[in-house]
Amino acid sequence: MRIHGCIRSMLVALAVASSALVSPGCSKSPEITAESIEDNWALTEQHEPGSVVMTVAQDGKVMVLVKDRDGKPIEGVSGNLTVKVPGKDGAPVTAELVPEPKSGGVLLAKIPPLEDDLTEVNYEFKVKGEPFKGVLHVPRGGTRELQESAKENQAIKVDGKKGPNGGVLQPVGDDIVEIVADKTTGDVRVYVLDPNLKPVAIGEREIKLAIHTASGPDVIVLAPGPDRLYFTGKLKAKVNPTKITVVVKEGGHTDVVLCGYHPGSVIVVGPSAPVIGILVATAWAVKVNVKPTVVVHDDDDDDGRRVIVVHKGKGKGKGRGRWRWK
């Protein structure tokens with residue numbers, strides 16, 4: 001009798017589990033709607049006629065929502081994506097955006113999986129005769145990685161501050177970098193800074209920038225300067241950019257950030273987009289510190305203060321969250 005009771009209990013449990021699997025509330029794929037796309041690691045770019053909300057996933061799945069000036073979703077939009085696949089010859093890959101039924105205007109597309117540090121995704125829509133064109137540079141983790149890196153950088157307060165050369169400051173992983181360019185020559189330099197915002201040697205890092213200007217996007221792979229004291233490159237056009245995506249590689253790890261971006265903010269593009277002031281009149285006279293940088297850190301326990309060496313001779317720095325940024 002006990003065996004029959006156990007069998008009956010098992011059958012009941014299986015029946016309950018089966019009903020849960022077919023229950024509409026337990027769908028494996030969450031419903032895609034105009035409301036849900038913005039909570040799915042999307043970036044929003046504001047154009048003159050309206051806005052584009054886009055999420056790009058690591059597997060290449062893209063979701064897009066186009067809105068009017070009042071923020072209302074627009075249905076009946078047509079468009080496509082063009083992707084430059086890094087490291088592969090041939091024409092760029094084009095993917096058509098297809099409306100998702102009953103989603104309130106969401107468009108879907110599938111592009112090749114994101115396999116490089118940076119993939120250029122161009123979008124173009126037709127909305128009541130008005131063109132919506134733009135470009136995103138996304139890392140391997142897609143728009144989610146850009147959102148997460150922006151969240152991690154919120155505690156590091158560099159907004160409104162200038163670097164020692166008068167350039168723009170941007171936290172990237174464990175580093176803060178200064179991006180600056182000579183307004184006369186268009187020569188670009190990127191410095192790695194210590195917690196006191198003083199330049200240090202770049203060590204074994206590698207850096208590249210995706211620069212957006214009115215003339216279009218450009219990816220600049222920077223070269224180490226003399227004695228590896230900074231990175232150097234050249235702007236295609238001697239104008240301040242409207243967007244900069246920064247890639248820093250070191251020791252097999254890669255960090256990618258969208259310069260100046262804060263979680264939930266809107267990226268203004270087009271003629272009304274504000275510029276990022278990297279162009280300055282400079283003589284490149286700032287000295288780079290190649291000696292160890294020592295930071296005193298209060299760990300808030302009872303054993304007093306302790307000293308941490310953050311940067312050593314080759315300019316390497318570790319320990320996100322341990323620095324006392326001011």
query = Got a sec, which residues hit side chain to side chain contact (heavy atoms under 4.5 Å, CB included) with S103, two or more places apart in sequence or on another chain?
reply = E100, V106
query = Between N165 and G167, is there a donor-acceptor pair closer than 3.5 Å when you use the side chain of the first and the backbone of the second?
reply = no
key: T185 vs K234, side-chain contact (heavy atoms from CB on, under 4.5 Å): CA-CA, chis, key distance, verdict   = CA-CA 8 Å; T185 65; K234 198 170 189 69; 4.3 Å; yes
pair I179-L209: side-chain heavy atoms closer than 4.5 Å = yes
task = Examine I220 and I207 and state if one hydrophobic cluster contains both, with Ile, Leu, Val, Met, Phe, Trp and Tyr joined whenever side-chain heavy atoms are less than 4.5 Å apart.
result = yes
request  = Group every Ile, Leu, Val, Met, Phe, Trp and Tyr by side-chain heavy-atom contacts under 4.5 Å, then state whether V135 and L118 land in the same group.
outcome  = no
query = Is the number of heavy atoms from other residues, nucleotides or ligands under 6.0 Å of K162 NZ greater than 12?
reply = yes
inquiry  = Let me confirm one number: the CD-CG distance from E250 to D175, rounded to the nearest 0.5 Å.
reply    = 6.5 Å
side-chain contact (heavy atoms from CB on, under 4.5 Å) assessment of Q147 paired with Y261 = CA-CA 9 Å; Q147 291 280 12; Y261 178 73; 3.0 Å; yes
Check: V83 and E120 side chains under 4.5 Å, non-hydrogen atoms = no
message = Go through it in stages, so that I can follow the logic: the residues are I278 and V180, the test is side-chain contact (heavy atoms from CB on, under 4.5 Å), and I'd like the CA-CA distance, side-chain angles, deciding distance and then a yes or no.
response = CA-CA 5 Å; I278 64 171; V180 63; 5.6 Å; no
ask   = Do V219 and V246 share a hydrophobic cluster, counting only Ile, Leu, Val, Met, Phe, Trp and Tyr and linking them when any side-chain heavy atoms are less than 4.5 Å apart?
value = no
inquiry  = Quick check: do T242 and V269 have side-chain heavy atoms less than 4.5 Å from each other?
reply    = no
Parallel, tilted or perpendicular: rings of Y230 and Y191 (30°, 60°) = tilted
query = If you measure from NE2 on H212 to CD1 on I276, what distance do you get to the nearest 0.5 Å?
reply = 9.5 Å
Show me, pair by pair, the donor-acceptor contacts under 3.5 angstrom made by side chains of residues 43-50, not counting sequence neighbours?
from	atom 1	to	atom 2	distance (Å)
E45	OE1	Y123	OH	2.6
E45	OE2	K243	NZ	2.5
Q46	NE2	G50	O	3.1
H47	NE2	Y123	OH	2.8
E48	OE2	S272	OG	2.9

inquiry  = I need the I37 CD1 to M63 CE distance, nearest 0.5 Å.
reply    = 5.0 Å
task = Look up atom CG in L114 and atom CZ in R140, then write down how far apart they are to the nearest 0.5 Å.
result = 9.5 Å
query = Taking atom types as modelled and ignoring hydrogens, do the side chains of E124 and N122 form a donor-acceptor contact shorter than 3.5 angstrom?
reply = no
query = Any link between V168 and V239 through a network of hydrophobic side chains (Ile, Leu, Val, Met, Phe, Trp, Tyr) touching at under 4.5 Å?
reply = no
query = Does the side chain of V280 reach to within under 4.5 Å of the side chain of D182, using non-hydrogen atoms?
reply = no
Test log, rule side-chain contact (heavy atoms from CB on, under 4.5 Å), inputs L193 and V177 = CA-CA 6 Å; L193 308 181; V177 299; over 6 Å; no
query = Is there side-chain contact between P139 and T254, with at least one heavy-atom pair below 4.5 Å?
reply = no
Non-hydrogen side-chain atoms of V188 and T232 separated by less than 4.5 Å = no
request  = State whether D116 and K208 are salt-bridged, where the test is any N-O pair (Lys NZ or Arg NE/NH1/NH2 against Asp/Glu carboxylate O) under 4.0 Å.
outcome  = yes
query = Is there side-chain contact between K249 and V247, with at least one heavy-atom pair below 4.5 Å?
reply = yes
key: Gap separating the CZ atom of R205 from the CG atom of D255, nearest 0.5 angstrom   = 10.5 Å
task = Examine L81 and I267 and state if one hydrophobic cluster contains both, with Ile, Leu, Val, Met, Phe, Trp and Tyr joined whenever side-chain heavy atoms are less than 4.5 Å apart.
result = yes
query = For the atom pair CD1 (I111) and OG1 (T119), what is the distance rounded to the nearest 0.5 Å?
reply = 7.0 Å
task = Could you check if a side-chain atom of L146 sits within less than 4.5 angstrom of a side-chain atom of V257, using non-hydrogen atoms only?
result = no
inquiry  = Does K236, at its NZ atom, have more than 12 non-hydrogen atoms belonging to other residues, nucleotides or ligands within less than 6.0 Å?
reply    = no
query = Under a 4.0 Å N-O cut-off, is there an ion pair linking K110 with D59?
reply = no
